[in-house]
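Worksheet for the structure shown next.
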There are 2 protein chains.
Amino acid sequence: MGRKQTKSGKIRLTEVAKLAGVSPITASRFFRNPEALSESKRERVDSAVKELGYVPNLAARALASHRTEVIGVVIPSLTNNVFADVLRGIYDSSEGSRYSIQLANTRYSILQEEKLLRLFRAQKPAGLIVTGINQTAESRTILESMNCPVTQIMEIGDSPVDMMVGFSHYDASFAAISHILEQGHRRIGFLGARMDPRVQRRFEGYRDAMKAASLFDPNLVVTTSVPTTVTLGGTLFADLLARTAEIDAVFCVNDDLALGVLFECQRRQIAVPRDLAIVGFNDLEFMASAVPSLTSVRTNRYEMGRHAVTMVIDAIEGRRPREPVLNLGFQLMVRESSMPQTT
Amino acid sequence: MGRKQTKSGKIRLTEVAKLAGVSPITASRFFRNPEALSESKRERVDSAVKELGYVPNLAARALASHRTEVIGVVIPSLTNNVFADVLRGIYDSSEGSRYSIQLANTRYSILQEEKLLRLFRAQKPAGLIVTGINQTAESRTILESMNCPVTQIMEIGDSPVDMMVGFSHYDASFAAISHILEQGHRRIGFLGARMDPRVQRRFEGYRDAMKAASLFDPNLVVTTSVPTTVTLGGTLFADLLARTAEIDAVFCVNDDLALGVLFECQRRQIAVPRDLAIVGFNDLEFMASAVPSLTSVRTNRYEMGRHAVTMVIDAIEGRRPREPVLNLGFQLMVRESSMPQTT
DNA sequence: CAATCCGATGGTAGCGCTGTCAATAATTGT
DNA sequence: ACAATTATTGACAGCGCTACCATCGGATTG
């Protein structure tokens, strides 16, 4: 790391420049555009930086350049496992770049989102990653006025603000229901909690797949605006059973609910999959090791985070993608809970 | 929000001051120390700010004041549910304050931690929150040279760098084992994954409780450095069974492992709690709704996050706590998995 | 060989705010 | 009533960096 700054005090770019025998502005260019320097100067500055242990003052840089090296990330929840994976992808791929991540949590409130976006605008971020495609008109206006690359994540749709990485929740849900139907089930319940826009789209996939088979029945649908928990899965399932006794299968909008349903089945001695098939969504890790193992829809959350950051950074640096919308797809992970019963 | 800045361009503090009929420095003080202004000026500046929709330039502020309004947070994992709760507490209580959170992830590497702390030091944060008490000597030196309040979270110990919020993993674990022993179990297995310092301390609590009862046996201990998953819980349990057939109970260092053990028991037709008691750690939400419901040690993670931020902000603003170490304790949540069998 | 262009470098002038300290006004004590 | 004290306020001078434009050889061109 080179010799630490001694009593002399602050190491500024000027000091580096002096030691390297160049002008401060040349030293500055060393950081921002090293290719513009001649080989010799580049090396001289480089060794001066190391020698002095120089660390750039980000505030000064931001003030002078009217830009920051911050990528804002707006997500609706910190607790939801789904976002943990996305965040990991985001932090992993921001590491090693010059950009730092600034996280903000809307708690599923679009008004809070507006407020946060306004805050971000004031800080002039280099780029922005926002969750979903259902911003308010005002939020969209803010995003468009930001003058920086924006990536919407978690889902895809027409009319991106700028770029998008995600997958179709509708298609994923439709595929899951098709699979359940193929197993011969007719009465497929739908369990939904916190009906945010993406969950809403999963419902639409369910509804359309059921309607296509002429099997849609509103009595099969149980939803709530309450946030998801495992316990809630059991509760919703109990509600469903209370409403209609004949149930072949249950599609849960996420894996926590599915696990809750499994536990409730165990409590009620309902054999899975013999008496009831269960399918979840997201494919959290525990789904594979439950007994019976639980079918789910795998989504590429970590990759979503990684791509979002890469796309934003590329765009900041002028490398715009050919296609602004990146569909990461999904995979149906068929497991025991929805398979023809074995043994 | 007042009239937006029109074509006129940038709204600087100078513009606000002009409109309010005061000097720029007075307007500046309006933000940093409003009580120092006379009632009348304060109102005049306040309405000028609203009138113009003024937003302070944080970079300029940081450059001039040699400080930022950033609280750095260093955690070892983004995926671990435990930290999700802590983070929620942190973000919740930083909201509404002037401070913003800068998150960094060490991935359980103490070298990475050193590197991140060095990075933070360069940015002169207003305060810092770091996980655990096992920093390297170098990390401690960096922390001490930071010249800002530091709170260590997740556990407590002697010799805080500055402040601490957490609980004793040793005591919590000891209490859990004592409870299992009280149920009459003698052969209590220990299952541990990713043996980070806090998990290590849980092991020590287990070991000492077992030794006190003259029941400690190294064959009962199965650990790995692999990160925790539910599936891993099953695997470790299988390993334990392969090693010693006689097992009364299993203590898992976290709830994911405990759930994995439960699933493995279901696979092997081992009745819980009749044939085996299971106790986890953290008390994640699903523990209460598993079948049978699973005993765990509840920790106050959200509160830990909240307190950490509050303590740091208070310290930044000169309100130092009387006691630098805050013990948030734990509660043993006794459930079916460790109770005398019913029915 | 002058005209042109280009890559590499430097000088000047702030970016928008606050630390420091001095200056002024208001208040108090004796 | 007058000095001493305490609240308010302001002037000045940067903080450390980069945008912008100017400069200056040297390569390219017809």
Side-chain angles (χ1 to χ4, degrees), chain A residues 5 8-46 48-49 52-70 98 121-124 126 147 316-317, chain B residues 5 8-46 48-49 52-70 98 121-124 126 147 316-317:
Chain A
Q5 59 229 69
S8 56
K10 2 244 71 192
I11 308 292
R12 308 197 307 301
L13 198 48
T14 318
E15 274 70 53
V16 173
K18 207 163 290 169
L19 181 60
V22 299
S23 71
I25 191 68
T26 300
S28 166
R29 270 190 279 259
F30 169 77
F31 289 101
R32 292 173 291 141
N33 190 13
E35 304 84 49
L37 299 206
S38 64
E39 179 99 359
S40 65
K41 305 243 169 186
R42 197 182 320 146
E43 276 165 13
R44 295 232 300 282
V45 176
D46 186 48
V49 164
L52 296 171
Y54 169 74
V55 178
N57 180 319
L58 300 175
R61 187 179 278 178
L63 180 58
S65 67
H66 303 279
R67 297 185 272 98
T68 61
E69 285 170 351
V70 169
R98 64 200 305 160
R121 181 172 56 183
Q123 297 183 216
K124 302 191 191 24
N147 207 25
I316 292 169
E317 298 177 350
Chain B
Q5 60 229 68
S8 55
K10 1 244 70 189
I11 306 294
R12 305 193 314 299
L13 198 49
T14 317
E15 274 68 56
V16 173
K18 206 162 290 167
L19 181 61
V22 300
S23 72
I25 191 68
T26 299
S28 167
R29 269 192 279 261
F30 168 78
F31 289 100
R32 292 174 293 143
N33 189 12
E35 304 83 47
L37 300 205
S38 65
E39 176 95 52
S40 65
K41 305 244 167 179
R42 196 182 321 144
E43 276 166 10
R44 294 232 299 280
V45 176
D46 185 50
V49 165
L52 297 171
Y54 169 74
V55 177
N57 179 319
L58 300 175
R61 185 180 280 177
L63 179 59
S65 67
H66 304 279
R67 297 185 275 98
T68 61
E69 285 170 350
V70 169
R98 64 199 307 160
R121 180 172 57 184
Q123 296 182 219
K124 302 189 188 32
N147 207 24
I316 293 169
E317 297 177 351

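In what follows, every heavy atom counts, from backbone to side chain, and hydrogens, waters and symmetry copies are set aside. First the proteins, then the strands, lettered A, B, ... as listed; each starts at 1.
- More than 12 heavy atoms of other residues, nucleotides or ligands shown are found within 6.0 angstrom of CG on B:Asn33.
- Residue A:Phe30 holds its CZ atom at 14.5 Å from CD1 of A:Ile25, rounded to the nearest 0.5 Å.
- Of all nucleotides listed (D:dT9, C:dG10, D:dC17), D:dT9 comes nearest to the side chain of B:Arg29.
- A donor-acceptor contact shorter than 3.5 Å is absent between the side chain of A:Thr26 and the backbone of A:Val22.
- One interatomic measurement links the two molecules: NZ of B:Lys41 to P of C:dA26, which rounds to 10 Å at whole-angstrom precision.
- Counting to the nearest Å, the P atom of D:dA7 and the CD atom of B:Glu39 are 17 Å from each other.
- A donor-acceptor contact closer than 3.5 angstrom links the side chains of A:Ser28 and A:Arg32.
- Contact annotation: A:Ser28 side-chain N/O to D:dC17 OP1/OP2 distance is not under 4.0 Å.
- Listed candidates were C:dT9, D:dT9, D:dC17. Nearest to the side chain of A:Leu37 is C:dT9.
- Between D:dC17, C:dG10, C:dG19, one nucleotide has an atom nearer to the side chain of B:Arg32 than all others, and that is C:dG19.
- Residue A:Thr26 places at least one side-chain N or O under 4.0 Å from the OP1 or OP2 atom of C:dG10.
- Side-chain N/O atoms of A:Arg61 include none lying less than 4.0 angstrom from OP1 or OP2 on D:dC17.
- Rounded to whole Å, atom P of C:dG16 lies 13 Å from atom NZ of B:Lys18.
- Place A:Ile25 and B:Leu63 on DNA chain D by their nearest nucleotides, and B:Leu63 ends up nearer the 5' end.
- The phosphate of D:dT18 (OP1 or OP2) has no side-chain N or O of A:Ser65 nearer than 4.0 angstrom.
- As a whole-Å value, the separation of A:Lys124 NZ from C:dC15 P is 13 Å.
- Open room surrounds CZ on A:Arg67; 12 or fewer heavy atoms of other groups in view lie less than 6.0 Å from it.
- One interatomic measurement links the two molecules: CG of A:Asn57 to P of D:dC15, which rounds to 11 Å at whole-angstrom precision.
- The 5' end of DNA chain D is approached more closely, in terms of each residue's nearest nucleotide, by B:Ser38 than by the other of B:His66 and B:Ser38.
- Put simply, CG on A:Asn33 is 12 Å from P on C:dT9, counting in whole angstrom units.
- Residue-level contact check: A:Arg67 touches the backbone only, with heavy atoms under 4.0 Å from sugar-phosphate atoms and none from bases.
- Within 4.0 Å of B:Ala59, counting heavy atoms only, lies no atom of the nucleic acid at all.
- Between the CG atom of A:Leu13 and the P atom of C:dG10 there is a distance of 12 Å, rounded to whole Å.
- Taking atom CD of residue B:Glu35 and atom P of nucleotide D:dT9, one finds them 13 Å apart after rounding to whole Å.
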